[in-house]
Amino acid sequence: MQFRRYLTRCSATAAVAVLGFSPVWPAAAASASAVGIAAGANLEGVSVYDTADVLNDEKIKDAMAGIDFNEPTKVAVFSREGKNSDDINTETLTFARDAHPEWISQDPEDYGDYWADGYFIITLSVEGPGDGQIGTYFGEDRKVSTGQMESIHKAGYEDFNLSRWTDGVIAVGAKGAKIMNRPWYKNPALWITTGVAGGAAGVTGLAAFGIRASRRKEFAAHLDSGREHLGNVSMDLDATELSARTLPSGSRHAADLERRFADFMVDYRSLFTRQQELEAATKKTRSSTSGVARSKDFNDTAQQLDATDDAIIAAAALYTRSATWQDAWRAQAAPILEDLEELPQLLDDTDKKLGPAGSALRSFAATAQQEVQDIGTDLAAQAIDVDTALDRLSELRKQLTERLEAYATARIGAYAKSKAEEKEMRESMRQQRYAATGTRGGGSILDVTSPAELFWRVGAFNIGYHSAVSAVDSSRQAASSSSGVSSGYSGGGSFSGAGGSSRF
């Protein structure tokens with residue numbers, strides 16, 4: 001913040017000197033309006049195929065619609081009349097192949113060997129009053145450990161044993177939603193312990209209370225953060241408007257910022273209305289998934305504006321070569337220099353099996369820092385203009401990203417023991433990459449104007465890789481432990497889809 005406040009004062013002064021007057025920026029188009037983001041519970045649809053004629057389809061669909069899923073998920077429920085000797089894993093696969101091929105991955109790399117991404121399939125085999133089997137099956141991006149799958153099945157046992165088939169399926173769906181793609185910090189131990197002491201009904205009530213309280217806390221955190229970012233934008237608004245007027249025509253990077261400034265003013269005005277609506281939100285709204293999504297969108301937009309005005313003010317200092325232009329340049333170089341400083345730690349444990357991928361990163365680290373220094377020297381000597389300097393920085397960051405992508409492939413290949421583990425690790429790293437990518441403050445023009453996926457930060461890579469290893473280790477440990485869950489598909493050929501069944 002000190003960097004920006006300093007630039008704000010000096011850039012505004014420099015801009016007045018250049019223009020010779022105090023401009024007033026015209027209002028942005030009044031016809032534009034802010035678009036609020038509504039969010040559901042990450043449920044992409046529920047299909048019920050009740051061939052056993054024991055389920056209440058509408059009750060299941062209504063209940064699932066009220067359940068939070070950690071990632072967008074399609075739920076398919078299949079009931080069948082069975083007998084004790086049935087292998088419902090194979091029966092489910094046969095049903096899918098015959099009637100619902102969309103449940104099976106169509107990815108050419110998989111050759112139909114896995115369940116389709118995004119799917120959570122629940123199979124209920126009714127074999128008598130209170131007797132039967134329950135199976136759950138998962139797309140590779142939704143799969144869980146064997147122990148976790150067992151806990152999903154157990155959630156429905158009490159209802160199934162009393163022939164409350166619909167309630168049992170709903171309980172299995174709710175438990176699966178909590179576990180699939182669950183962030184590491186949402187440990188379920190509290191609810192499991194409470195369930196042992198108080199029974200299923202007590203767990204449901206207490207868990208719901210905890211979830212609502214957690215949502216209200218998250219709602220408040222997003223609102224407070226967004227309010228702070230919006231306050232920063234308001235404090236710098238005059239300087240931001242003035243700086244935008246000093247951006248030169250004919251400059252590609254400056255033109256990008258000018259286009260963003262038009263939207264900036266529209267979003268800025270709309271945020272006050274959205275802030276008032278969020279502040280007036282009822283307890284019920286603050287406890288809902290959609291309410292949290294609205295507060296998050298408010299915070300994200302305010303953060304983006306806060307970063308955008310930093311970039312505009314820094315750009316004005318660079319292009320007008322004001323007294324603070326060197327501080328502004330340091331802000332442009334900071335992201336790549338931070339990444340280069342973190343590379344040695346990333347490469348400390350490089351495996352010899354990685355081949356040229358690790359060597360390419362080491363070589364890049366050795367030369368890129370000097371290149372950043374050379375760019376700054378050329379800019380100071382006016383041997384290059386601002387656009388050229390930014391282009392050279394952008395190219396360096398893209399080269400780092402390319403090398404990190406190759407390094408990721410090598411690390412995954414060295415650690416994973418199967419195609420399924422490789423896919424799991426890639427997905428985990430992808431999620432962390434984009435979760436850590438966003439519009440950051442500090443005055444970086446490239447971070448504001450470049451597509452989010454263009455640059456992969458070293459810190460995000462490190463977090464993503466360790467998260468991927470942890471996920472695979474957890475799956476391996478769970479697979480090696482004993483469990484009452486039966487997996488595998490007799491007669492399924494090479495099918496390796498995640499899932500299994502158990503008796504109740």
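Please read these numbers as outputs of a predicted model, since none were measured by experiment. Excluded from the calculations below are hydrogen atoms, water molecules and symmetry mates; all remaining heavy atoms, backbone and side chain alike, are included.
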Do the side chains of [Y] and [X] get nearer than 4.5 Å, heavy atoms only?
| X | Y | value |
| --- | --- | --- |
| F455 | P335 | no |
| I375 | I384 | yes |
| E150 | H153 | no |
| K175 | S151 | yes |
| V386 | S251 | no |
| L230 | F272 | yes |
| L257 | T449 | yes |
| N70 | M180 | no |

Once rounded to the nearest 0.5 Å, what's the spacing between atom [atom1] of [X] and atom [atom2] of [Y]?
| X | Y | atom1 | atom2 | answer |
| --- | --- | --- | --- | --- |
| L278 | L271 | CG | CG | 9.5 Å |
| E371 | L393 | CD | CG | 8.5 Å |
| I121 | W115 | CD1 | CH2 | 4.5 Å |
| L242 | D236 | CG | CG | 12.0 Å |
| E342 | L347 | CD | CG | 12.0 Å |
| S243 | I312 | OG | CD1 | 8.0 Å |

| So D267 and S270, side-chain hydrogen bond (donor to acceptor under 3.5 Å, both in side chains) or not? Walk me through it. | CA-CA 5 Å; D267 288 339; S270 76; 4.5 Å; no
Salt-bridged, [X] to [Y], with N to O below 4.0 Å?
| X | Y | value |
| --- | --- | --- |
| D167 | K59 | yes |
| R227 | D224 | yes |
| R215 | E218 | no |
| R252 | D256 | no |
| R457 | D339 | yes |
| R392 | D378 | yes |
| E102 | K74 | no |
| R433 | E405 | yes |
| R274 | E277 | no |

Check: [Y] main-chain N/O paired with [X] side-chain donor or acceptor under 3.5 Å:
| X | Y | value |
| --- | --- | --- |
| R397 | L446 | no |
| T282 | T285 | yes |
| R286 | R212 | no |
| R245 | E241 | no |
| R403 | F364 | no |
| N181 | D141 | yes |
| E44 | P72 | no |
| Q332 | A328 | yes |
| T401 | W456 | yes |
| T308 | Q304 | yes |

| Derivation of the salt bridge (Lys or Arg N to Asp or Glu O under 4.0 Å) call for D300 and K296 | CA-CA 6 Å; D300 288 347; K296 182 180 184 303; 2.8 Å; yes
Non-hydrogen atoms of [X] and [Y] that approach each other most closely:
| X | Y | answer |
| --- | --- | --- |
| A408 | F461 | CB-CE1, 3.5 Å |
| I445 | L318 | CD1-CD1, 4.1 Å |
| S295 | F219 | OG-CA, 3.5 Å |
| D309 | N232 | OD2-O, 4.3 Å |
| F69 | N42 | O-ND2, 2.9 Å |
| G291 | S288 | N-OG, 3.0 Å |

| Going through the checks in order, is the side-chain contact (heavy atoms from CB on, under 4.5 Å) test met by L400 and V458? | CA-CA 9 Å; L400 174 59; V458 171; 4.2 Å; yes
Under 3.5 Å side-chain donor-acceptor pair for [X] and [Y]:
| X | Y | result |
| --- | --- | --- |
| Q370 | D374 | yes |
| D297 | H222 | no |
| R411 | Y415 | no |

| When you look at CD of Q275, are more than 12 heavy atoms from neighbouring residues, nucleotides or ligands closer to it than 6.0 Å? | yes
| query | Taking the six-membered ring for Trp, are F138 and Y119 ring centroids under 6.0 Å apart? | reply | no
| request: Would you please test D327 and R330 for side-chain contact (heavy atoms from CB on, under 4.5 Å) and show each step? | output: CA-CA 5 Å; D327 291 319; R330 280 191 284 271; 2.5 Å; yes
| request: Would you check, one step at a time, whether the test side-chain contact (heavy atoms from CB on, under 4.5 Å) holds for H466 with N462? | output: CA-CA 6 Å; H466 288 295; N462 212 7; 3.3 Å; yes
| query | Parallel, tilted or perpendicular: which describes the rings of Y268 and F264, with under 30° parallel and over 60° perpendicular? | reply | parallel
| message | Assess the residue pair K423 and D117 against the criterion (salt bridge (Lys or Arg N to Asp or Glu O under 4.0 Å)); give the C-alpha distance rounded to whole Å, side-chain angles, the decisive distance to 0.1 Å, and a yes or no. | response | CA-CA 11 Å; K423 187 171 184 178; D117 282 352; 3.6 Å; yes
| task | Take V75 and I60, measure what side-chain contact (heavy atoms from CB on, under 4.5 Å) needs, and give me the verdict at the end. | result | CA-CA 10 Å; V75 177; I60 290 174; over 6 Å; no
